[in-house]
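Some notes on the structure that comes next.
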Amino acid sequence: MAFSLKHQLFNTFLDELSQKYRIFGPVLMAGKGKHSDTDVIGYGEINSLDDLVVDRKSFYSPKEIFYPIRESLFYFSKDQITVPDIDIKPILLFLRPCDINGIKRLDEIFLQNGDFSDFYYQRRRDLLKFAMIECTDGFDSCYCVSMNANRTEDYALAASFGDQEIKMKVNDESLLTDCLNNAKILDFEPSFVQENQVKVTIPPVEKVTAEIFDNDVWKEYTRRCVACGRCNTSCITCSCFTMQDVHTQTNQQVGERRRIWAGCHIDGFTDMAGGHGFRGKNGERMRFKTMHKINDFHKRFGYHMCVGCGRCDDVCPEYISFSKCINKLNEIVERGATNDK
């Protein structure tokens, strides 16, 4: 069913939903920007339409709502392990089509990438429902159309936010609250962005050969990348983490095991016992990420990992553009060159 809601009625709708769901969406984080006295758009809990920011791109992805930056897996003592409880109230998450497609990629990694699904991810993911924000224009750095991530039908609710009304399609009957009896019924289907300002051409998977790994193009990123990891932590599809055992100060047999976000660009990520480490140069890390996002993942799952949200371009302090990296790689493949800049 589809409805037209005035802003006040939409707020009533959110209020009624909040009895059953925790509701999250893109919000203004005042004073949290990268420069002094600047703001940033991230994800947080919302109570009304005024809390939602739908006309600006979020600096952070919504994955931290259901995949915590730092998560306690279990507490341990000498002879006992206890898995902590979590808030089991369902979550309704407002997000854009590219991010819904990005979460599909996370599902592949955590739930379909082997014989066992990730218990900790699964129990939070099962609580999640998508409220899709209609996105028809995109933003300056987006290239979701090139990545076939601009459309999705995987949503419980879709909403188009106008100055006077919100048009809303509800696919999940559990979201039909009493106040919708006072809403105007209409025929509404969400629209999707058809063209981005940024376009990328992805080299065919079968044409990316081992020789490409030695191309001089990666040296550019060794010079420019500072391994801050912002591209990893802002990316909706990056799933890597590291593990920590934290003990109490008084008893080394009591503590907790945590997992914490990590990523291929972050120093120490590939370090091993004995002092060995892989990909010590930052260009090698860029190469690894690029190949994983547009080549290796595709070989395993049949579609590309990157969804073209462009956040990595937005957050990089060295103005490294991943979309341009993809196009450079494609040019190299088309030339058939192995060591040309």
Side-chain angles (χ1 to χ4, degrees), residues 1-30 41-58 60-66 87-104 124-139 142 144 149-194 236 307 309:
M1 298 182 67
F3 307 89
S4 172
L5 287 73
K6 298 297 184 181
H7 290 182
Q8 185 56 49
L9 187 57
F10 183 76
N11 284 337
T12 302
F13 174 67
L14 292 180
D15 185 60
E16 291 180 350
L17 279 179
S18 68
Q19 306 306 311
K20 295 181 180 179
Y21 296 90
R22 299 171 65 201
I23 307 173
F24 292 85
V27 300
L28 180 71
M29 296 181 170
I41 308 300
Y43 272 78
E45 200 155 3
I46 64 170
N47 297 300
S48 72
L49 179 61
D50 290 338
D51 296 330
L52 267 176
V53 179
V54 297
D55 59 346
R56 294 170 60 185
K57 187 176 180 179
S58 64
Y60 301 107
S61 85
K63 69 181 179 184
E64 64 183 284
I65 302 303
F66 59 95
D87 189 340
I88 61 172
K89 189 174 183 179
I91 293 172
L92 183 65
L93 179 60
F94 281 86
L95 71 177
R96 298 181 186 274
C98 61
D99 285 330
I100 294 177
N101 282 303
I103 294 172
K104 176 184 176 182
R124 294 181 186 272
R125 179 66 177 83
D126 287 344
L127 300 172
L128 191 63
K129 292 183 180 181
F130 299 139
M132 187 185 74
I133 300 170
E134 184 184 60
C135 188
T136 58
D137 297 321
F139 298 92
C142 298
C144 58
N150 57 311
R151 302 179 62 92
T152 182
E153 300 299 325
D154 183 18
Y155 54 82
L157 176 157
S160 174
F161 293 88
D163 292 337
Q164 302 298 324
E165 64 175 358
I166 292 96
K167 295 178 181 178
M168 193 170 69
K169 179 183 178 183
V170 180
N171 287 337
D172 188 330
E173 292 185 357
S174 71
L175 302 181
L176 295 173
T177 69
D178 292 339
C179 77
L180 295 181
N181 294 325
N182 300 318
K184 179 182 176 181
I185 297 176
L186 74 163
D187 185 15
F188 167 68
E189 289 290 337
S191 298
F192 300 94
V193 59
Q194 300 298 315
I236 182 64
V307 295
C309 71

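- Residues I41 and L28 meet the side-chain proximity criterion, which asks for heavy atoms closer than 4.5 Å.
- In this structure, K167 has no salt bridge (charged side-chain N to carboxylate O under 4.0 Å, His left out) partners at least two apart in sequence or on a different chain.
- Side-chain contact between D51 and F94: absent, with no pair of heavy atoms (C-beta onward) separated by less than 4.5 Å.
- Between the side chain of R96 and the backbone N or O of N150, no donor-acceptor pair lies under 3.5 Å.
- For D87, the salt bridge (charged side-chain N to carboxylate O under 4.0 Å, His left out) test picks out R22, with sequence neighbours left out.
- For the ring pair (Phe, Tyr, Trp, His ring centres under 6.0 Å) test, no residue two or more places apart in sequence or in another chain qualifies with F24.
- Residues satisfying the salt bridge (charged side-chain N to carboxylate O under 4.0 Å, His left out) criterion with K129, sequence neighbours excluded, are D172.
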Which donor-acceptor pairs under 3.5 Å do the side chains of residues 177-185 make with protein atoms, sequence neighbours left out?
residue: T177; atom: OG1; partner: E16; partner atom: OE1; Å: 2.7
residue: N181; atom: ND2; partner: D178; partner atom: O; Å: 3.1

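- Residue-environment remark: CD (Q19) exceeds the threshold of 12 foreign heavy atoms within 6.0 Å.
- With sequence neighbours excluded, the residues that form a side chain to side chain donor-acceptor pair (under 3.5 Å) with R124 are E71.
- In this structure, D137 has no salt bridge (charged side-chain N to carboxylate O under 4.0 Å, His left out) partners at least two apart in sequence or on a different chain.
- Put simply, the side chain of F13 does not reach to within 4.5 Å of the side chain of I166, judged on heavy atoms.
- For Q8, the side-chain contact (heavy atoms from CB on, under 4.5 Å) partners at least two apart in sequence or on another chain are N11, T12.
- Partners of K169 by side chain to side chain donor-acceptor pair (under 3.5 Å), not counting sequence neighbours, listed by chain and number: E189.
- In this structure, the side chain of H7 engages the main chain of G162 through a donor-acceptor pair within 3.5 Å.
- Environment of CG in D187: sparse, with no more than 12 heavy atoms of neighbouring residues, nucleotides or ligands closer than 6.0 Å.
- Contact check for K104 versus D154: no side-chain heavy atoms found under the 4.5 Å cut-off.
- Using a 4.5 Å heavy-atom cutoff, the side chains of P90 and K20 are not in contact.
- In this structure, the side chain of N171 engages the main chain of Y155 through a donor-acceptor pair within 3.5 Å.
- Scanning for side-chain contact (heavy atoms from CB on, under 4.5 Å) contacts around N101 gives R105, A149, T152, V307, with sequence neighbours left out.
- Heavy atoms only, all atoms of each residue included: K89 and S18 are closest at NZ-O, 2.8 Å.
- By the side chain to side chain donor-acceptor pair (under 3.5 Å) test, S58 pairs with R311, sequence neighbours left out.
- For F10, the ring pair (Phe, Tyr, Trp, His ring centres under 6.0 Å) partners at least two apart in sequence or on another chain are F161.
- A heavy-atom distance below 4.5 Å is found between the side chains of I103 and I236.
- Within the 4.5 Å cutoff, side-chain heavy atoms of V193 are placed close to those of C144.
- Residues L127 and F66 are not in side-chain contact: their nearest non-hydrogen atoms beyond the backbone lie 4.5 Å or more apart.
- Taking every heavy atom of both residues into account, F188 and A158 meet most closely at CE2-O, 4.1 Å.
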